[in-house]
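Lettering follows sequence order; numbering is per chain, from 1.
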There are 2 protein chains.
Amino acid sequence: MERNTRQRTAIREAIAQAGRPLLPQEVLEAAQAGAPGLSIATVYRNLRTLLDEGELRAVLLPGENARYELAGGGHHHHFQCLACDRVFEVDACPGNLASLAPPGFIVEDHDLTLYGRCSECAPPRGAKAAGRAKGAAPHTHRESQGTGRAHKHR
Amino acid sequence: MERNTRQRTAIREAIAQAGRPLLPQEVLEAAQAGAPGLSIATVYRNLRTLLDEGELRAVLLPGENARYELAGGGHHHHFQCLACDRVFEVDACPGNLASLAPPGFIVEDHDLTLYGRCSECAPPRGAKAAGRAKGAAPHTHRESQGTGRAHKHR
DNA sequence: ATATTTGCAAACTATTTGCAGTTGT
DNA sequence: ACAACTGCAAATAGTTTGCAAATAT
């Protein structure tokens, strides 16, 4: 049976508190507050366990490493800020996508990712400030990438 | 200036002939026909070069390694077969996605991936056979994955 | 002639796993 | 007690890079 270790609790907390999907590295950093000495291997092991338990859900975005969010809530999509790279949940869904596939193809599911500026990162041009988003934090800027990569960092 | 080596030509051909986005490994295998001894490092280097040249475009799908397709053609999406894992182009687009984002968020772009059965892989249940798709080939079946992974194989 | 390209092997990054010691129940 | 869990280090897998030899122009 599953045990409640200091580490596992800190990892759960970190993700719950963030309010947005986190990268394993972000989970590590956030959870180390409640579990000094926490190692990245333990983070990965717990993410997997909590995933199997159904407590967490993996958020896979194109060209990004997996992030993790609390499992609750139904079908939804995500928004990634082009300035700070952070990901946010989007509850809406366009639906009616089955008809987009080529004839002979059967659509059973779909993934949608929106890109742009989160409420914290100023608009491309025009106004100056904006309201704050929930899972807020100082925003770093994104770097370039490889051939199309299979991993990311920050 | 760019040179036309036997390897680069074979790589271009392989992708053009496939008619669907290919993984670096698939490019290697297909291109080795026209360039014996071709190494994976050269494939990666050429993918990057052709990408920079604007000849190719990276196709990034959630939780998948990057695939590559010819750059021509405008905005479009992709369909991934849940049975054979192969990816196909989808020319349609639902549009009107800007309104889905939370207030304060600015949508500038989006990615959409459809999942289901390609015309070659029989429907979940019901009929028996189906028509053939263009970039056809025998279909292997998919395996499970890790925590949410950052790479894939076959 | 010479700058680009190639193959090989080593380097990297993200993630996983073996192992021996630690801890929750 | 004892199975679940942890940290560390080594192992994977995909991708990138240094280097000396090969090649296109």
Side-chain angles (χ1 to χ4, degrees), chain A residues 1-12 14 21-29 31-32 34-53 55-56 58-68 85 142-154, chain B residues 1-12 21-29 31-32 34-53 55-56 58-68 85 143-154:
Chain A
M1 188 221 157
E2 311 293 296
R3 291 177 184 174
N4 281 346
T5 62
R6 189 166 43 86
Q7 292 86 336
R8 181 164 301 163
T9 301
I11 289 173
R12 267 203 204 86
L22 297 183
L23 293 166
Q25 189 58 43
E26 296 178 311
V27 172
L28 173 66
E29 286 155 23
Q32 280 179 326
L38 174 62
S39 74
I40 189 68
T42 293
V43 169
Y44 277 107
R45 271 188 289 233
N46 277 294
L47 288 177
R48 167 110 67 165
T49 298
L50 297 173
L51 218 47
D52 293 344
E53 296 283 291
E55 276 194 65
L56 296 183
V59 175
L60 304 172
L61 300 191
E64 297 282 298
N65 288 330
R67 288 177 172 77
Y68 301 85
D85 273 2
R142 44 162 37 199
E143 339 74 22
S144 51
Q145 59 201 52
T147 312
R149 86 290 193 188
H151 45 64
K152 211 44 179 310
H153 41 99
R154 42 181 52 237
Chain B
M1 190 226 154
E2 311 294 297
R3 291 176 184 175
N4 281 345
T5 62
R6 187 167 43 87
Q7 293 86 335
R8 182 164 301 164
T9 301
I11 289 172
R12 266 203 204 86
L22 297 184
L23 293 165
Q25 189 58 42
E26 295 178 312
V27 172
L28 173 67
E29 286 155 22
Q32 280 180 325
L38 173 63
S39 73
I40 189 67
T42 294
V43 169
Y44 277 107
R45 271 187 289 232
N46 276 295
L47 288 177
R48 167 110 67 166
T49 300
L50 296 173
L51 217 47
D52 293 344
E53 296 282 292
E55 274 194 65
L56 296 183
V59 175
L60 304 172
L61 301 191
E64 296 282 298
N65 288 330
R67 288 177 171 77
Y68 301 85
D85 273 2
E143 339 73 22
S144 52
Q145 59 200 50
T147 311
R149 86 294 193 185
H151 45 66
K152 212 41 177 312
H153 43 97
R154 45 181 48 237

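Between B/G34 and B/R6, the closest heavy-atom pair is O-CG, 3.8 Å. Smallest separation of non-hydrogen atoms from B/A58 and B/L51: N-CD1, 3.6 Å. Here the closest non-hydrogen pair linking B/R67 and B/D85 is NH2-O, 3.3 Å. Nearest heavy atom pair, residue B/Q32 against residue B/L38, reads NE2-O, 3.0 Å.
Residue B/T147 places at least one side-chain N or O under 4.0 Å from the OP1 or OP2 atom of C/dT16. Between A/S39 and D/dT6 there is no side-chain N or O to OP1 or OP2 distance below 4.0 Å. The side chain of B/Q7 places an N or O atom within less than 4.0 Å of a non-bridging phosphate oxygen (OP1 or OP2) of C/dG7. Contact annotation: B/R45 side-chain N/O to C/dC8 OP1/OP2 distance is not under 4.0 Å. Look at B/T5 and you'll find a side-chain N or O under 4.0 angstrom from OP1 or OP2 of C/dT6.
Residue B/R8 has its side chain nearest to C/dT5 when only C/dT5, C/dC8, D/dT6 are considered. Minimum atom distance to the side chain of B/R3 is reached by D/dT25, of the listed C/dT17, D/dT6, D/dT25.
Distance, A/N65 CG to C/dT13 P: 13 Å, rounded to whole Å. The interatomic distance linking B/E2 (CD) with C/dT5 (C1') rounds to 10 Å, in whole Å. In this structure, A/Q25 places its CD atom 15 Å from C1' of C/dC12, rounding to the nearest Å. Atom-to-atom, CD of B/E26 to C1' of D/dG14 comes out at 14 Å; the value is rounded to the nearest Å. When rounded to the nearest whole Å, the span between CD1 of B/I11 and C1' of C/dT4 equals 15 Å. Rounded to whole Å, atom C1' of D/dC8 lies 13 Å from atom CG of A/L38. When the P atom of C/dC8 is taken as reference, atom CG of B/L28 falls 11 Å away, rounded to whole Å. Summarising the geometry, the separation between CG on B/N46 and C1' on D/dT16 is reported as 14 Å, rounded to the nearest angstrom.
Residue whose closest nucleotide on DNA chain C sits further toward the 5' end, between B/M1 and B/G37: B/M1. Of the residues near DNA chain D, B/N4 and B/I40, the one whose nearest nucleotide (by heavy atom distance) lies more toward the 5' end is B/I40.
Counting heavy atoms from C-beta outward, A/T9 and A/I11 have side chains that stay 4.5 Å or more apart.
Side-chain atoms of A/R6 stay outside donor-acceptor range of the base of D/dG7, with no qualifying N/O pair under 3.5 Å. Side-chain atoms of B/R67 stay outside donor-acceptor range of the base of D/dG14, with no qualifying N/O pair under 3.5 Å.
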